[in-house]
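The block underneath contains the structure these notes are about, expressed in C-alpha cells.
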Amino acid sequence: MRNMPMMASLTTAALLVLLLAAGASAYPGFASIQVGCNLLIDNAYLLVIAVGMSFVILSGGIDLSVGAVLALTTVLAAWMLQNLHWPAALVITIVLVLGSAFGAGMGALIHYFKLQAFIVTLAGMFFARGLCYLISANSIVIDDAFFTSVSQFQIPLFGAFVSPGALIALIVFAAGIWISRCTPFGRAVYAIGGSEQSAEMMGLPVARTRVAIYALNGFCSSLAGVLFSFYMLSGYGQHAQGTELDAIAAVVIGGTLLTGGSGYVAGAFSGVMVLGVIQTLIAFQGTLSSWWTRIVIGGLLFSFCLVQRMLVAGVGGASKKR
Amino acid sequence: MTALIRLSMTVPGMVRFKLRQRSLFRPLAALALLLLADVVAIPGFFQLQLKEGHLYGSVIDIVNRAAPLILVSLGMTLVVAARGIDISVGAVVAISGSVAALLTGGSAAPQLPLMVALSVALGVALLCGLWNGLLITVLGLQPIVATLILMVSGRGLAQLLTDGQIVTIYYEPYFYLGSGYLFGLPVALYVAIGAALITALLLRRTALGMFLRVLGSNPVAARMAGVNTAALLVIVYAFCSACAGVAGLIVSSSVKSADANNAGLLLELDAILAVTLGGTSLAGGQFNLAGSVVGALIIQTLTYTIYSLGVPPELNMLLKAVVVFAVCLAQSTQFRQRLGFWKED
C-alpha cells in the first residue's frame with residue numbers, strides 16, 4: 001500500500017540532500033559542518049514554530065499568529081528584564097505560560113463558537129502585534145546576564161559549534177515526533193484532522209484536544225520567541241514578520257497536507273532545512289540584490305513543489321482532495 | 001410572487017439587497033454601529049461640501065480609500081467561494097502599479113498612449129492570475145502554497161522592473177483614475193461599484209454563479225456533474241488577479257508613483273477579513289458580494305475612525321483585532337445561543 005505522506009516526506013529529504021550537494025559542488029566553503037550547524041543555529045526558532053504548526057495543520061486548522069506571538073514574547077521578556085529587573089527564569093516561565101494561554105484562548109474561540117481558524121488567528125496576529133507596539137514602539141535591548149551568556153555560549157559538535165537554542169530546538173523537535181506518534185493526544189490530532197465528525201463519534205475528546213493543540217502551538221511560538229531573544233538580544237514588535245508563512249511553507253514542503261490528517265511532524269525538519277539551505281545558497285552566491293533574492297526564493301519554492309508533486313504523483317497516482 | 005421574480009431579473013443590483021436582506025443584515029449593522037460611533041465622536045462627520053465641482057467630506061474620503069480594497073475583496077470573494085485562497089493580491093497590486101508607471105514613462109510625455117499602458121498592466125495582472133490558476137489546477141498545488149510563490153517572488157519582480165526605485169509618474173491624465181472626480185464623486189468609487197455590479201450581473205445572469213457555488217460545495221461532484229472545474233478555477237484566479245491589477249492602478253494613480261516595496265502591503269489580509277466580515281465562509285460553497293463590499297467599508301471606516309479620534313497608531317492593530325473578534329462572535333450562532341439572544345435563523 002503506497003504511503004503518500006511517507007513518500008512526500010522522503011521526497012523532501014531526498015531533494016534536501018540534492019540541494020546540499022549542489023551547494024557543495026558550486027561553492028568550496030559550503031561543504032563544512034559549521035555551515036550545517038549555522039543552518040541549525042539560524043533556524044532554531046523556525047524549527048520550534050514549525051513543530052507547533054505541524055500539530056495545528058495536522059488537525060486541519062491553521063495559525064497565522066505565530067510570528068506575532070514570537071514578537072510579543074520578545075517584547076514582553078525584554079520589557080520585564082529591563083524595566084522590572086525580574087530574574088530570567090521567572091521571565092521565561094511567565095512568557096511561556098502567557099503564550100500557551102493565548103493559544104488556548106484562540107483554540108477555545110475556534111472550537112466553542114465554531115469560528116474559522118484563519119480569521120481567529122489572523123485577528124490574534126493583529127492583537128499580538130498591537131500589544132507589542134502598545135508596550136514599546138521601539139526596540140528594547142536586552143543586557144540581562146543570563147540572556148547574554150546563553151547567547152554567546154557555544155556547544156562543541158564534531159569540531160564545529162552549535163548554540164543552546166539549536167539544541168533546545170532539536171529537543172522540541174524530538175518531543176514533537178514522540179507526542180505525535182506515541183501518545184493518545186497525537187492520535188487524536190490525526191483523527192480530528194482526518195474527520196472531526198468521525199473523531200467525535202468515536203468518543204475522542206475533540207474540544208479538549210483542539211484547545212490543547214492551539215495551546216501547544218502558543219507554547220512553541222513563545223518558546224521560539226525566547227530562542228529568538230537569545231539570538232537577537234532585543235525585543236521588538238517587528239521581529240519575525242512573515243514567519244507564519246515561512247512556517248506554513250516549511251510544514252507543507254515537509255509533506256503535510258493543509259487539509260489535515262496526513263503528514264509527519266518530522267517533515268517539518270526537512271521543510272525548515274530546505275528554506276534555510278535556499279537562504280544559505282543565496283548568501284553564498286553573494287551578488288544578488290534584495291529583490292533577486294525574493295525572486296530566487298519564489299522560483300526555488302516553485303521548483304521544489306513541482307518536483308515533489310511529480311514524484312508523488314508518479315509513485316502514488318491518487319488524486320488529492322482539494 | 002412571479003411578478004417579484006420578474007422584477008428581480010431586471011433590477012439585479014437593488015434586489016440583491018432585498019433578497020439577501022437577512023444575510024446582509026449583520027455586516028450592515030456592524031457598519032451602522034461604526035458610523036454611529038463616528039457621528040457621536042467626530043463633529044461634522046457626515047458633512048459634505050461642494051468645492052470646484054467636487055464633493056468633499058469624511059464619507060467621500062472613506063469610500064475613495066476603500067475603492068482598492070473593495071476591488072480586491074470582490075476577486076477574493078470568488079476565490080474563497082471556490083474553496084481557495086489568494087494571498088498574492090498584494091504583490092499583483094505592486095506589479096501592475098510598477099508596469100503602468102514604467103509605461104507612462106516617468107516623464108510628462110510618455111511614449112505610449114494611456115489606454116495601451118493600462119491594458120498592458122491589466123494584462124500582466126491577468127497573467128499572474130493565470131499562473132496561479134495553472135499551478136493549482138495542472139500541478140495540483142494547494143492554493144495557499146501556489147499563491148505564496150507569487151506573493152514572495154511578485155514583489156521581487158516588481159522591484160526588478162523598477163530597479164528598486166520608486167517611479168514617480170508625471171503624466172497628468174493618469175491621475176484621473178485615482179484622484180479624479182466625475183459628477184462630484186471620486187472616479188475610483190465608480191470603478192469599484194461598477195466592477196461590483198458587473199460581477200454581480202455576471203454571476204446572476206449566467207450560470208457562473210451556480211457553477212461557482214457547486215465547485216465550492218463539492219468539487220468532485222461538480223466535476224462529475226459536467227462542470228469544467230479546472231477552467232472555472234483558472235477563470236476565478238485570473239479574475240481575482242485582474243481585480244488586484246485594477247486596484248494597483250488606482251493605488252499608483254492616487255499616490256502618483258509606483259512603490260514596489262510598499263504598494264498593497266498586507267492588502268490580502270484585509271481582503272480576506274472583508275470577505276469573512278461580509279458573511280462568506282472560508283469553507284467555500286457560497287458567496288456574498290454585497291457583504292464583501294460592506295466588509296471592505298467596515299475595515300476602511302474603522303481605520304479612518306481610529307485616525308480621526310486621535311488614537312495612537314499603535315492601537316490601530318489592536319482595535320482592528322477587537323472589532324474583528326466582535327463581528328465574528330456576533331455572526332457565530334453558538335455565541336448567540338449562549339447569550340440566549342436571537343434564535344438561529
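Remark: the backbone N or O of B:N288 is paired with a side-chain donor or acceptor of B:T280 at under 3.5 angstrom. In this structure, A:T12 contributes its side chain and A:I253 its backbone to a donor-acceptor pair below 3.5 Å.
With respect to chain A, the highest number of heavy-atom pairs below 4.5 Å among B:L282, B:T276, B:L319, B:I272 belongs to B:L282. When B:I149, B:V145, B:I144 are compared by the number of non-hydrogen pairs under 4.5 Å with chain A, B:I149 comes out ahead. Put simply, of B:G84, B:G156, B:S281, B:G154, the one with the most heavy-atom pairs under 4.5 Å next to chain A is B:G156. In terms of heavy-atom pairs under 4.5 angstrom with chain A, the leader among B:Q159, B:K320, B:R155 is B:Q159. For the set A:F113, A:F126, A:Y133, A:F118, the entry with the most heavy-atom pairs within less than 4.5 Å of chain B is A:F113.
Heavy-atom distances place no part of B:L150 under 4.5 Å from chain A, backbone and side chain included. Of the two parts of B:L277, neither the backbone nor the side chain holds a non-hydrogen atom closer than 4.5 Å to a non-hydrogen atom of chain A. Interface residue A:I295: backbone and side-chain heavy atoms are both found under 4.5 Å from chain B. Heavy atoms of B:L148 lying under 4.5 Å from chain A belong exclusively to its side chain. Only the side chain of A:L115 comes within contact range of chain B, with heavy atoms under 4.5 Å apart. When heavy atoms are compared at a cutoff of 4.5 Å, B:D163 approaches chain A by way of both its backbone and its side chain. Only the side chain of B:I87 comes within contact range of chain A, judged by heavy atoms closer than 4.5 Å.
The aromatic rings of A:F127 and B:F325 stand perpendicular to each other, their planes meeting at an angle above 60°, with 30° marking the opposite boundary.
Two residues are said to be in side-chain contact when any heavy atoms from C-beta on lie closer than 4.5 Å; B:M224 and B:V220 meet this criterion. Residues A:I248 and A:V252 have side chains in contact (heavy-atom distance under 4.5 Å, counting atoms from C-beta outward). For the pair A:D246/A:L46, a side-chain contact is recorded, criterion being any heavy-atom separation below 4.5 Å from C-beta on.
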### Test log, rule side-chain hydrogen bond (donor to acceptor under 3.5 Å, both in side chains), inputs A:D63 and A:S65
CA-CA 6 Å; A:D63 191 344; A:S65 65; 2.6 Å; yes

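Rounding to the nearest 0.5 angstrom, the gap separating the OG1 atom in B:T303 from the CG atom in B:L69 is 8.5 Å.
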